[in-house]
Amino acid sequence: MPDIENAKILIISTHGFEQSELEVPRDTLRAKGATVHVATPNGKPVKGWDTDNWGREAEADLGFDRIEVADYDALVLPGGQINPDLLRVDDRALLVVRSFAEAGKPIAAICHAPWLLVEAGLAEGRRMTSYPSVRTDVSNAGAEWVDEAVVVDRGIVTSRNPGDLEAFVDKIVEEIEGGRNRAAA
């Protein structure tokens, strides 16, 4: 795996992403030297959700139909309630998630984004965390749900909420740079 300065990271999102859960990983990873692209269903900007109302737009670098998993070292899935709920019924988004897992590349999901991991069939047998309201879904999918700031199991990083963003991003960097927890996805 590359050093973070040479890493290429993909974030997939649609409207309703939790503002900080897309912006903080995107901006922090870029500040550390990584190339970070945002992919949206149609390659157009998407609007965030900030606390209790619509927030800022995030520019898109590409649409889902132009994603080449081989071009990236890791995948980041921002949460919010709306974004992952819409993406978990988008076959293209699920294909991207599954393809990263099959390639053994790190996947990081925060807040409600573990819904995508559940829908992609990646939760079973893993130790994970999420926003508390997603706990039952994660457990019913066969994962061991724990209440911790950040959890890594075989290359999949999960966190609970925006308060965990610093630990979440630190763990993404660690996994990209050769994470210790990547045995057989």
Side-chain angles (χ1 to χ4, degrees), residues 9-26 36-67 69 72 74-102 106-124 126-151 153 156-165 168-169 172:
I9 301 161
L10 180 67
I11 298 173
I12 63 170
S13 186
T14 192
H15 297 291
F17 61 87
E18 180 68 34
Q19 201 77 51
S20 62
E21 293 174 357
L22 185 146
E23 290 178 347
V24 170
R26 180 196 63 198
V36 182
H37 291 159
V38 175
T40 64
N42 58 10
K44 294 182 179 176
V46 290
K47 197 164 206 53
W49 187 262
D50 196 2
T51 311
D52 59 0
N53 208 337
W54 290 103
R56 294 175 297 282
E57 282 189 340
E59 292 298 320
D61 297 290
L62 67 160
F64 287 175
D65 59 335
R66 296 191 48 231
I67 295 171
V69 173
Y72 296 96
L75 175 65
V76 176
L77 306 171
Q81 187 176 9
I82 300 166
N83 170 58
D85 194 36
L86 293 173
L87 290 181
R88 69 181 172 158
V89 296
D90 185 320
D91 291 336
R92 298 167 305 162
L94 295 175
L95 176 63
V96 169
V97 173
R98 286 186 194 107
S99 296
F100 269 84
E102 289 166 6
I107 300 171
I110 188 167
C111 192
H112 288 72
W115 269 339
L116 286 157
L117 302 174
V118 167
E119 199 63 36
L122 300 175
E124 187 171 0
R126 280 198 161 82
R127 192 169 178 268
M128 297 172 62
T129 195
S130 66
Y131 194 75
S133 66
V134 180
R135 175 184 184 162
T136 300
D137 297 327
V138 169
S139 295
N140 285 344
E144 174 193 354
W145 189 91
V146 295
D147 185 13
E148 296 176 15
V150 65
V151 176
D153 190 329
I156 293 187
V157 177
T158 52
S159 281
R160 302 170 298 191
N161 58 55
D164 299 332
L165 279 165
F168 181 65
V169 174
I172 292 168

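What you see is a predicted model; the values in this text were computed from it and never measured.
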Find the distance between [atom1] ([X]) and [atom2] ([Y]) and round it off to the nearest 0.5 Å.
X	Y	atom1	atom2	answer
Leu87	His15	CG	NE2	10.5 Å
Arg160	Cys111	CZ	SG	11.0 Å
Leu86	Trp115	CG	CH2	10.0 Å
Lys44	Thr14	NZ	OG1	12.5 Å
Arg26	Asp61	CZ	CG	9.5 Å
Lys47	Ile82	NZ	CD1	12.0 Å

I'd like to know if the side chain of [X] and the backbone of [Y] have a donor-acceptor N/O pair within less than 3.5 Å.
X	Y	answer
Asp153	Arg127	yes
Glu18	Pro78	no
Thr40	Ser13	no
Arg98	Ala120	yes
His37	Leu10	no
Thr129	Val146	yes
Asn83	Gly16	no

Would you call [X] and [Y] a side-chain contact if the rule is heavy atoms closer than 4.5 Å?
X	Y	result
Leu117	Leu77	yes
Ile12	Ile67	yes
Val151	Thr158	yes
Pro162	Glu21	yes

Identify the heavy atoms of [X] and [Y] that sit nearest to each other, and give their distance.
X	Y	result
Val24	Val169	CG1-CG2, 4.4 Å
Tyr131	His112	CD2-CE1, 3.4 Å
Ile107	Val97	CD1-O, 3.5 Å
Gln19	Arg56	OE1-N, 2.9 Å
Phe17	Ala58	CZ-CB, 3.8 Å
Ala149	Ser159	O-OG, 2.8 Å

Tell me, with the steps shown, if Asp164 and Val150 meet side-chain contact (heavy atoms from CB on, under 4.5 Å).
-> CA-CA 7 Å; Asp164 299 332; Val150 65; 6.0 Å; no

So does Phe64 have more than 12 non-hydrogen atoms from other groups sitting under 6.0 Å from CZ?
-> yes

Under-4.0 Å salt bridge between Asp65 and Arg92 = no

Would you call the rings of Phe100 and Tyr72 parallel, tilted or perpendicular if under 30° counts as parallel and over 60° as perpendicular?
-> tilted

